[in-house]
Peer 1: 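Got a structure for you, written out below as structure tokens; questions coming shortly.
Both counts, for ligands and for their atoms, begin at 1 and track the order of listing. This one's a predicted model, so the numbers in the text were calculated from it and none came from an experiment.
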Amino acid sequence: MSSSPSAPHTIGVFDSGFGGLTVLRALMARLPRARFAFLGDTARLPYGSKSRRTIARYAAESARFLVREQGAEFLVIACNTASALALDAIQDAVPVPVLGVIEPGAAAARAASKTGDVLVIATDATVRSHAYVAACQALGLRAIEKACPLLVPLVEEGWTDHPVTAQVIDIYLNELRAEAAARGFNPDALVLGCTHYPLLRTLFEQAVRPGAMVIDSAESAAQAAVQLFNGGATALAAGPAAETEVRCFATDSVDKFERLGSTFLGRPVGDVELVDLGG
Ligand code: DGL
């Protein structure tokens, strides 16, 4: 986070796809009178299997679009992969404050965990960056990370309550628990370190051990954004989220965005506008 901003009127929210609408939904619930511009870089999704250099280039282009063309005065990087690998590149690309989701997610894990041991699931690129382990360590937590690459396509397919998805989650969590046991960890919290995973929250809550907390990085990021405005957000905080002004942009698959995006956002996304950010 580059500085401590006063409450912005236009907030840009960026994700590699439309999973980041879960972050927008959490922001709208807290700041219903702000204007939001959301960009899903659907043409170049997934970021989670790409290199740092490519992710940084895509994310910087997307950030510039939100600031230069949509007038965003504050950016929330809803994408965990872009937050983990490209936050510096994004901050260098735009002259507005930028908030990522990694540190708020780690802070929520710190607040939830009694044992000090947590599990983090994320994309392959986020796990390879070890951004969550570093953020957790800075708060005195031990973390074990695992890449769960099958979950993003399952969510993009709309299989958020499907037996196959539940089975895939069980397999990933069993592998993670086996590793935790082998390394002498006693985890009591699971961080959902990917924009898409909050859509599977019910399945995760059914799959974790009784008493374990499931941490939603979308909620944590929205809370952190509001706190950053130093109480100046009061003017933006009153009113129904149903009336909040939102414009959604995608670099591809507008139809699918409109169809599935409403589930992620909890209300109709409206007409999604197609933008071309280059290759
Ligand atoms: N938005 C990405 C994240 O939160 C998941 C999808 C992708 O791989 O691009 O890590």
Peer 1: N/O to N/O below 3.5 Å, does that happen between Asn80 and ligand 1?
Peer 2: yes
Peer 1: Write out the residue and atom name of the closest protein heavy atom to atom 8 (O) of ligand 1, then the distance separating them to 0.1 Å.
Peer 2: Gly48 N, 2.8 Å
Peer 1: For Tyr47, is there any backbone N or O sitting under 3.5 Å from a side-chain donor or acceptor partner on Thr81?
Peer 2: no
Peer 1: Under a 4.0 Å threshold between the charged nitrogen and the carboxylate oxygen, would Arg201 count as salt-bridged to Glu219?
Peer 2: no
Peer 1: Does the pair Glu61/Arg44 count as a salt bridge with the N-to-O cut at 4.0 Å?
Peer 2: yes
Peer 1: Report the part of Leu45 (side chain from C-beta onward, or backbone N, CA, C, O) that has a heavy atom under 4.0 Å from ligand 1; answer both or neither where that applies.
Peer 2: side chain
Peer 1: Near Tyr47, which atoms of ligand 1 are under 4.0 Å from a heavy atom of that residue?
Peer 2: 7 (C), 8 (O), 9 (O)
Peer 1: Give the residue, atom name and distance (to 0.1 Å) of the protein heavy atom nearest atom 1 (N) of ligand 1.
Peer 2: Asp15 OD1, 2.7 Å
Peer 1: Which protein heavy atom lies closest to atom 6 (C) of ligand 1, and at what distance to 0.1 Å?
Peer 2: Ser16 OG, 3.5 Å
Peer 1: Students should be able to answer this: which protein heavy-atom is nearest to atom 5 (C) of ligand 1, and at what distance?
Peer 2: Cys194 SG, 3.5 Å
Peer 1: Are Leu277 and Val94 linked, directly or through intermediate hydrophobic residues, by side-chain heavy-atom contacts shorter than 4.5 Å (ILVMFWY only)?
Peer 2: yes
Peer 1: Among all protein non-hydrogen atoms, which one is nearest to atom 10 (O) of ligand 1, and what is the separation to 0.1 Å?
Peer 2: Thr81 OG1, 2.6 Å
Peer 1: Below 4.0 Å from any atom of ligand 1, is there a heavy atom belonging to Gly17?
Peer 2: no
Peer 1: Taking heavy atoms and a distance under 4.0 Å, where does Thr123 meet ligand 1: side chain, backbone, both or neither?
Peer 2: side chain
Peer 1: Looking at Asp117 and Arg142, is any side-chain nitrogen of the basic one under 4.0 Å from a carboxylate oxygen of the acidic one?
Peer 2: yes
Peer 1: Could you check whether atom CG of Asn174 has more than 12 heavy atoms from other residues, nucleotides or ligands sitting under 6.0 Å from it?
Peer 2: yes
Peer 1: Identify whether the distance between the nearest side-chain nitrogen and carboxylate oxygen of Arg128 and Asp124 falls below 4.0 Å.
Peer 2: yes
